[in-house]
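For reference, the structure is listed below as structure tokens.
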Amino acid sequence: MLEIKNLHARIAEDDTEILRGLDLAVKPGEVAAIMGPNGSGKSTLAYILAGKQDYEITKGSIIYNGQNLLEMDTHERAAAGLFLAFQYPLEIPGVPTMTFLRTAINSQRKQRGEDELMTPDFLRFVKEKAAALKIDMAMLKRPLNVGFSGGEKKRAEILQMALLEPKLCVLDETDSGLDIDALKVVSEGVNALRSPDRSVIVITHYQRLLDYIVPDSVHVLSKGRIIKSGDKSLALELENKGYTDIIEDAA
Amino acid sequence: MNIQTTRPRTEAETGFLALFDRLDLPGDNKVKTARSEAIAALAIHGLPTRRVEAWHYTDLRTMMHKALEPASRPDKAQAEIAIGNRNWLDDFFMLPIVNGHYIPELVDEIPEELIISALCDGESAFIDGSLDADNAINILNTAFATDGLSMIVDEDCSPDLTIGIAHVYSEDQPAMTATRNNIVVCDGASARFSERFVGPDNIEYHSNAVTNLWLGLNSKARWVICQEEGDQATHLGQLNVTLGEGAELDIYVINTGSKLVRCEINVIVAGEGSHLNIRGVNLVGDKSHVDVTTVLKHNVANTTSSQIFRNVSTEQGTGVFQGQIQVAQIAQKTDAAMACNTLLLSDECSFSAKPELEIFADDVLCAHGATIADLDENHLFYLMARGIPERDARNLLVKAFLEEVLEDLDDEALSDILIHRIDRWLDARQ
Ligand SMILES: Nc1ncnc2c1ncn2[C@@H]1O[C@H](COP(=O)(O)OP(=O)(O)OP(=O)(O)O)[C@@H](O)[C@H]1O
Ligand SMILES: [Mg+2]
């Protein structure tokens, strides 16, 4: 599904190197958790996967389903099934949420050579997915994310994911800002999408989310590199001991 | 102050004077006198340059290259073809003005609540307004107006009726049109007007339109200006309004056409308790120059006004917004707000915004703000990360920015049309 090799990336503006030789492979159907201290480069990795322009790749490669991801435009990556749930979803005044959802779905379908979704089908689809995530349709009448609470924004991200049915989901701290009930609802939403041909990368600081979305692999990111990988027990170990030992061992 | 007279005349200035001598324009003696005074004012002042303060950003003397012959009056069949399906909403009561001439033969039965006559029918009171150096639009219009509408809307007029005024240019050669409308909305009446300007691309025609609008006691009106002239046109428009006591007026203006636009809105807020709303969208692309200038005079106490303009400048477009608010000493409790927000989408475009407050009363609220920004790259990324191609994502954001001023328009059919105009303009870029 995804193979990242020796990835080096820096901020285009000021040449600060953030990723320093990152390796990561995610198989179809795999749920991979990425953990790591603040500022270690987790969101940077997520943004680079999605195609944000602020970073410059100086070395390494990313192969996604046999394609060179770095050569694809942001919207092409999305149409090819890559989805990033943002750590901080943006508020976009003036763009009605429903217009946005329909445009996104149909843009992707068009790029894939599929028929556009007609309005009644689209509405039915949104209603069904929103209900599963306990999202009030009234919220979707508002401009995109505008005035949504922190938790509502995260839920809206998962709704988008459910509607766009991606192949590779990257969840950047989707658990932060969610109350306990919402965490369950959102996790169920993610689990409902789990399938043998869909992979998920879960970026999180907390074991709590991984109790609900049980990972197949856990990776520790520190200073721009994966310094340790393991199974779900690695996350429990981190929860108990913190990062210090692992980082020292790797050094 | 004799500088102007020593300045050599431009081709356009000379042309206008010669044209006036040659033409025999309609009107009784009073009108003829007014026309002579106007042309005399033009001879003295010439067309305004940057040195005339109100024209600081739009040097009309340099930008208006020629004086054009008046366009000719079409016969009924020609007018019918020109109007074609330019009737933009079926339920409008449409008054066609083709090539500067009102075509009564194409008007459906006139509702009883309206009294309509053509200006050239000998109505003499139609020529007024100042002939000062900064009032070039009125000077040219007074001298050269060929026709227009006089309209009185009485209090029985249905508020659901929209009176459309369709200005259509249909000549295949450059010519000039100049029209003048005088409209009175009687005490207690309500009326909706939609004025639309259309014409062919690639023809450097001149369109000049002055409307004087009086709103009576407790009357209510909406005035929409949709300026979508051909891409090489020069459009000089002036809307002069007097608001009576308790009157409410909403003005919507959208500029999507022309190479050179000067759109003036002058409002005298003359009656206590009256309220004025202006919402504007200016789309400035190609090498066009669009200047919207508003002058509001709050002359009495307890009145409110609110203006919001949203502008998009791109390619080599230059845009201008000048908003002047004058509050007289007795006009206490005036509440006047003005906002002008602009998106600049290219390196070569520009936009100048100049708010100007002249406040002589002490107990007033006057807020004004102007912002200029580019599209937010992070917003763009968010949309693209959901699979929306860059161009579509940009257009979505531009529309979002513009539609915020149309939100107040409580009329879905009309707002759909205006949004369609925005779409069309966006689609025509690159
Ligand atoms: N566009 C940018 N401009 C400047 N610095 C940046 C930029 N993007 C990332 N950084 C820096 O790169 C480092 C990695 O940031 P990143 O957001 O990837 O960390 P993170 O692992 O997601 O942290 P957190 O757990 O706090 O979310 C940080 O030091 C951050 O300040
Ligand atoms: Mg982060």
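Numbers restart at 1 for each chain; the letters A, B, ... are given by sequence-line order, proteins then strands.
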For [X], does the [atom1] atom sit with more than 12 other heavy atoms under 6.0 Å from it, leaving out its own atoms?
X: A:D121; atom1: CG; answer: yes
X: A:E13; atom1: CD; answer: no
X: B:D410; atom1: CG; answer: no
X: A:D115; atom1: CG; answer: no
X: B:K354; atom1: NZ; answer: yes

First locate atom [atom1] of [X], then atom [atom2] of [Y], and finally report the distance between them rounded to the nearest 0.5 Å.
X: A:L90; Y: B:L383; atom1: CG; atom2: CG; answer: 9.0 Å
X: B:L396; Y: A:T103; atom1: CG; atom2: OG1; answer: 5.5 Å
X: B:N378; Y: A:F86; atom1: CG; atom2: CZ; answer: 8.5 Å

Heavy-atom pair of closest approach, residues [X] and [Y]:
X: B:R386; Y: A:L164; answer: CD-CD1, 3.8 Å
X: A:A78; Y: B:A385; answer: CB-O, 3.4 Å
X: B:G387; Y: A:S107; answer: O-CB, 3.2 Å

Go through the atoms of B:E404 and report whether side chain, backbone, both or neither lie under 4.5 Å from a heavy atom of chain A.
side chain

So what's closer than 4.5 Å to chain A heavy atoms on B:Y382: side chain, backbone, both or neither?
both

If you count heavy-atom pairs within less than 4.5 Å of chain B, which of A:D54, A:I92, A:L101, A:V95 leads?
A:I92

One option among A:Q53, A:E91, A:E157 has the most heavy-atom pairs under 4.5 Å with chain B, and it is A:E157

With a 4.5 angstrom heavy-atom cut-off, could you sort out which part of [X] is near chain B: side chain, backbone, both or neither?
X: A:P93; answer: both
X: A:L144; answer: side chain
X: A:P89; answer: both

Any ion pair linking B:E377 and A:K52 (charged N to carboxylate O, less than 4.0 Å)?
no

Mind telling me whether B:F381 and A:Y47 have parallel, tilted or perpendicular rings, with 30° and 60° as the class edges?
perpendicular

